[in-house]
Peer 1: 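Let me begin by handing over the structure; questions about it come next.
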Protein chains: 4
Amino acid sequence: MTVHSSEARAGRASADPDRAAKRERILDAAERVFAQRGFYAAKVADIAREAGVADGTIYLYFKNKDDLLICLFESRMERVIQILGDAVAGAAGPRAQLRAFVAAYLTLIADQPTAAEVLTIELRQSTKFMREYSPQRFGELLRILATVIAAGQATGDFTDQVPAPHAARMIFGMLDEMALAWLLGRAPRRRGQKPAPPLATGRERGKMPAPHGTDFDISRAADWVAALVTTGLERRSPA
Amino acid sequence: MTVHSSEARAGRASADPDRAAKRERILDAAERVFAQRGFYAAKVADIAREAGVADGTIYLYFKNKDDLLICLFESRMERVIQILGDAVAGAAGPRAQLRAFVAAYLTLIADQPTAAEVLTIELRQSTKFMREYSPQRFGELLRILATVIAAGQATGDFTDQVPAPHAARMIFGMLDEMALAWLLGRAPRRRGQKPAPPLATGRERGKMPAPHGTDFDISRAADWVAALVTTGLERRSPA
Amino acid sequence: MTVHSSEARAGRASADPDRAAKRERILDAAERVFAQRGFYAAKVADIAREAGVADGTIYLYFKNKDDLLICLFESRMERVIQILGDAVAGAAGPRAQLRAFVAAYLTLIADQPTAAEVLTIELRQSTKFMREYSPQRFGELLRILATVIAAGQATGDFTDQVPAPHAARMIFGMLDEMALAWLLGRAPRRRGQKPAPPLATGRERGKMPAPHGTDFDISRAADWVAALVTTGLERRSPA
Amino acid sequence: MTVHSSEARAGRASADPDRAAKRERILDAAERVFAQRGFYAAKVADIAREAGVADGTIYLYFKNKDDLLICLFESRMERVIQILGDAVAGAAGPRAQLRAFVAAYLTLIADQPTAAEVLTIELRQSTKFMREYSPQRFGELLRILATVIAAGQATGDFTDQVPAPHAARMIFGMLDEMALAWLLGRAPRRRGQKPAPPLATGRERGKMPAPHGTDFDISRAADWVAALVTTGLERRSPA
DNA sequence: CATGAATGAGACTTCATTCAT
DNA sequence: CATGAATGAAGTCTCATTCAT
């Protein structure tokens with residue numbers, strides 16, 4: 001049974017892993033380039049070079065530049081949701097689960113700052129559309145959190161002053177903002193590539209010091225978020 | 001009392017306001033167009049048409065498109081900071097001030113959704129650069145909040161588990177996220193202008209229902225944020 | 001006899017000198033700006049500023065930018081022809097006249113380098129058209145020289161191997177080239193104005209030393225030109 | 001003998017010539033368009049159309065419009081220098097070499113009037129910058145001539161009244177001026193393309209007759225130049 | 001006459017995408 | 001499948017010229 005020809009041509013069984021690997025290589029390249037340059041400033045040719053493929057090859061794996069962004073989002077988000085889900089599953093009780101979620105999220109940011117940069121910063125470059133597109137996967141993330149909170153409310157651990165979905169969103173806002181602050185406070189662009197010309201405004205803008213409260217240890221942020229979320233700012237009146 | 005001569009000669013007293021007014025008209029137009037299309041998709045020609053001026057006129061008032069965005073940011077942010085500062089100043093005691101800040105911020109969003117959309121969504125389209133550029137004015141906003149919190153910590157009203165600047169940032173994150181959710185949940189684009197082609201992904205994407213927890217009364221959000229921030233999620237142990 | 005109103009308004013008899021003076025001011029400004037920036041890079045607004053008038057005013061005196069160049073040419077050329085004519089008229093005999101012409105031309109260059117720069121360099125920026133337009137006045141200059149040569153040929157002072165008009169043109173070519181070399185070798189642009197961006201070619205081009213044979217005393221050039229023109233390069237056989 | 005594989009892989013031997021050929025096609029097109037319209041009036045789109053490529057293709061071969069001019073200059077100048085060098089090398093003795101140079105230069109003009117037009121006329125449109133840029137290659141040309149003259153001075157064939165570099169420059173000025181006169185005197189623009197709107201001056205300017213002394217046989221010019229250069233105008237006193 | 005703000009046509013250049021090899 | 005040269009649509013910005021004051 002000679003398959004070589006058809007297999008070589010159609011190349012499905014053998015190509016699939018290869019294909020998937022190259023697709024991943026392109027996504028990784030896109031992640032780096034988007035993080036470095038921003039979505040709009042990133043050129044498809046940059047990504048191709050970074051991935052070590054020809055420009056046209058990108059289009060064999062992705063419909064277009066937008067699709068590349070979306071697939072990148074999907075890919076990374078899937079991982080994030082997986083990890084957050086695991087973190088929650090691995091904890092017992094709403095309080096512990098909430099804390100686990102917060103810790104896992106910020107750990108993720110710290111561990112994969114490039115991916116985080118894309119998710120937290122560059123994705124917003126198409127935000128409206130992204131959000132128009134993304135609420136699905138994005139909603140999943142929020143739902144994990146909302147579920148934990150709702151459970152806590154059901155058990156009486158958590159107050160139900162705030163509807164769980166909104167509480168979830170607020171907590172995510174806190175995490176997102178802390179992530180953003182930390183990411184922006186990090187060391188400047190790496191490597192030889194110039195980091196996309198800043199908004200050419202003529203107004204001189206030298207090396208500014210990191211803005212206030214931007215340069216902190218992200219692992220401590222988990223404590224802060226947890227503290228604020230669980231006990232709030234108000235000092236509990238001593239009995 | 002003949003003033004006309006001097007006025008005609010100086011031609012300043014009359015010209016300056018005109019100039020300022022036209023500048024404002026352009027900023028307003030830019031606000032609408034950016035909110036509608038997003039920064040990158042917005043064409044300078046669109047803004048000119050919306051402002052009722054010629055393309056070239058834009059460049060008599062702004063260095064370039066980026067500068068237009070930055071000036072818009074400055075202009076709107078100034079207003080925001082003014083209002084938030086006033087709100088805080090008008091309240092007595094850290095708790096009231098914190099609440100006033102929260103309420104004022106969300107009221108602002110509700111009252112000026114177009115400006116809010118630009119500040120919350122579109123500005124992020126150049127976020128990295130924007131943030132590189134903006135931390136000044138942006139920091140002011142955070143500082144107002146941080147000051148309130150620090151004061152509360154000093155009086156003993158607020159716990160000092162969380163450093164004030166970080167607490168401020170987290171609270172801002174909550175507000176920002178709620179604002180974003182609400183803005184995205186609002187009615188679709190208005191008017192005849194097509195709302196900037198959505199990410200052309202090929203994947204059909206009809207009219208989706210507003211994502212979960214996105215369609216709410218923003219005035220209630222103030223309560224939620226205040227509740228979460230002040231007392232936290234954990235039910236205070238009775239007795 | 002109150003004339004003020006009508007005179008001020010219609011202002012003809014009194015305006016004419018004023019008008020001429022302002023026209024001259026604009027021409028002077030144009031000369032400087034053209035010399036500094038080159039015709040194409042020179043902006044009408046630059047010239048207006050340099051002349052201390054409003055942009056629109058230029059158009060009350062000149063049809064358009066091209067006309068400004070042409071009028072400048074006419075104005076300066078008239079002067080040049082006057083001077084050269086006088087120089088020739090002031091000399092006796094073809095040999096002396098030829099020498100006088102050469103000396104006068106190079107002296108002109110040395111004395112009015114800005115005007116010279118325009119005539120020698122910038123006018124060529126529209127050369128083809130300029131020459132299409134200018135041959136008239138330009139021809140006058142050549143004719144002065146040709147007349148001298150023809151006279152010399154008639155008297156037997158000059159050989160008639162070369163037709164006078166062509167000899168005239170060749171001599172002018174020599175003068176023009178020496179003028180060009182000297183002008184280009186002169187000190188760099190003066191004042192704060194940047195001298196029009198050089199051809200943006202990316203190739204680095206630092207401060208080059210003046211090209212070979214470019215930095216010389218122009219007054220000596222008269223001797224060289226005269227020597228070459230009169231006796232040629234070949235050493236006359238002795239005996 | 002299977003070469004196809006290596007050739008296909010390297011894809012160089014076949015691609016390079018293609019690339020060079022297209023580059024040349026663009027340069028040729030630019031030569032024609034610049035000659036016809038002048039550098040500033042020439043639109044990149046014109047050149048692209050003339051070359052039969054898309055606008056963007058130009059930018060795959062040249063950095064920008066300026067670079068195109070510079071490369072054109074380099075390319076043509078290289079040829080010119082080659083030919084002039086050969087001409088000089090092919091002659092024996094300073095006198096013959098000088099004559100050879102003169103003849104070769106004018107022959108070049110006559111044979112390749114389009115290239116000559118660009119080199120002699122249009123390049124001057126950016127002259128100051130061009131000369132700022134070009135003195136290198138330009139200096140080479142002068143150096144060839146200066147070397148011949150210096151040699152002649154050394155042998156005693158030529159007088160050393162005039163320093164060789166300046167003599168070279170003057171002779172070049174003569175050649176350049178004759179070339180210019182001849183080029184401008186040639187038949188009007190060819191083909192359907194309108195020859196770039198003449199300086200719109202309002203002043204009517206019909207078809208002027210070629211200016212005096214502009215319409216001559218360029219091959220005779222070599223004799224004139226040689227005569228003037230070698231023996232000068234003054235009639236040698238008969239023994 | 002003078003002004004100078006406004007105009008708007010048009011050029012250069014970029015870059016996502018295609019398609020012949 | 002992969003390549004990467006070619007395409008060409010489209011956008012930003014400039015600047016000569018006009019005209020209402």
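Labels below follow one simple rule: chain letters A, B, ... track the order of the sequence lines, proteins then strands, and each chain is numbered from 1. What's counted below: heavy atoms across the whole structure, side chains too, no hydrogens, waters or symmetry copies.
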Peer 1: Does a side-chain N or O of C/Arg19 approach OP1 or OP2 of E/dC1 to a distance below 4.0 Å, or not?
Peer 2: yes
Peer 1: Is the closest side-chain heavy-atom distance between D/Val118 and D/Phe39 below 4.5 Å?
Peer 2: no
Peer 1: Are the side chains of D/Ile26 and D/Arg23 in contact, using a 4.5 Å heavy-atom criterion?
Peer 2: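 No - every pair of side-chain heavy atoms lies 4.5 Å or more apart.
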Peer 1: Atom CG of D/Asp18 and atom P of F/dG4: how far apart are they, to the nearest Å?
Peer 2: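 Roughly 15 Å, once rounded to whole Å.
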Peer 1: Applying side chain to side chain contact (heavy atoms under 4.5 Å, CB included), can you list everything that pairs with D/Arg25, at least two apart in sequence or on another chain?
Peer 2: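 If we apply the side chain to side chain contact (heavy atoms under 4.5 Å, CB included) test to D/Arg25, skipping adjacent residues, the hits are D/Lys22, D/Val53.
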Peer 1: Within this structure, what is the CZ-to-C1' distance between C/Arg49 and E/dT3, rounded to whole angstrom?
Peer 2: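 C/Arg49 atom CZ is separated from E/dT3 atom C1' by 15 Å.
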Peer 1: Going by the rule side chain to side chain contact (heavy atoms under 4.5 Å, CB included), which residues pair with B/Ala29 if we only count those two or more places apart in sequence or in a different chain?
Peer 2: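 For B/Ala29, the residues satisfying side chain to side chain contact (heavy atoms under 4.5 Å, CB included) (neighbours in sequence not counted) are B/Arg32, B/Ile47, B/Glu50, B/Ala51.
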Peer 1: Could you work out which one of F/dA2, F/dG8, E/dT7 sits closest to the side chain of D/Ala54?
Peer 2: F/dG8
Peer 1: Within this structure, what is the CD1-to-C1' distance between D/Ile58 and F/dA6, rounded to whole angstrom?
Peer 2: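 Roughly 12 Å, once rounded to whole Å.
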Peer 1: Check whether any side-chain heavy atom of B/Lys63 lies under 4.5 Å from a side-chain heavy atom of B/Cys71, and answer yes or no.
Peer 2: no
Peer 1: From CZ of A/Phe62 over to P of F/dA2, roughly how many Å is that when rounded to an integer?
Peer 2: 12 Å
Peer 1: Determine the minimum heavy-atom distance between D/Asp67 and D/Phe62, stating which atoms define it.
Peer 2: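 In terms of heavy atoms, the two residues are closest at OD2-CA, 3.7 Å.
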Peer 1: Summarise how protein sits on nucleotides 13-20 of chain F as a single string, 5' to 3': B when a protein heavy atom is under 4.0 Å from the base, S for sugar-phosphate-only contact, - for no contact.
Peer 2: BBSSBB--
Peer 1: Please figure out whether D/Gly52 or A/Tyr61 has its closest DNA chain F nucleotide nearer the 5' end.
Peer 2: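 Its nearest nucleotide being more 5', the pick is A/Tyr61.
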Peer 1: Sub-3.5 Å donor-acceptor pair from the side chain of A/Lys65 to the main-chain atoms of A/Lys43, do we have one?
Peer 2: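 Checked: no pair found.
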Peer 1: Rounded to whole Å, please give me the gap between CZ in C/Arg23 and P in E/dA2.
Peer 2: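 Roughly 13 Å, once rounded to whole Å.
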Peer 1: Could you tell me which residues satisfy side chain to side chain donor-acceptor pair (under 3.5 Å) with D/Asp28, sequence neighbours excluded, listed by chain and number?
Peer 2: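 Side chain to side chain donor-acceptor pair (under 3.5 Å) check on D/Asp28 returns D/Arg76.
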Peer 1: Using atom CD1 of A/Ile26 as one end and atom C1' of F/dC1 as the other, report the distance to the nearest whole Å.
Peer 2: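 The answer, rounded to whole Å, is 12 Å.
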Peer 1: Given side chains that start at C-beta, do those of D/Tyr61 and D/Leu68 come closer than 4.5 Å, heavy atoms only?
Peer 2: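 Sidechains of D/Leu68 and D/Tyr61: no contact.
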Peer 1: Please give the stem ranges for DNA chain F, sorted by first residue number, where a stem is three or more consecutive Watson-Crick or G-U pairs and both donor-acceptor distances are under 3.5 Å.
Peer 2: E:2-21 with F:2-21
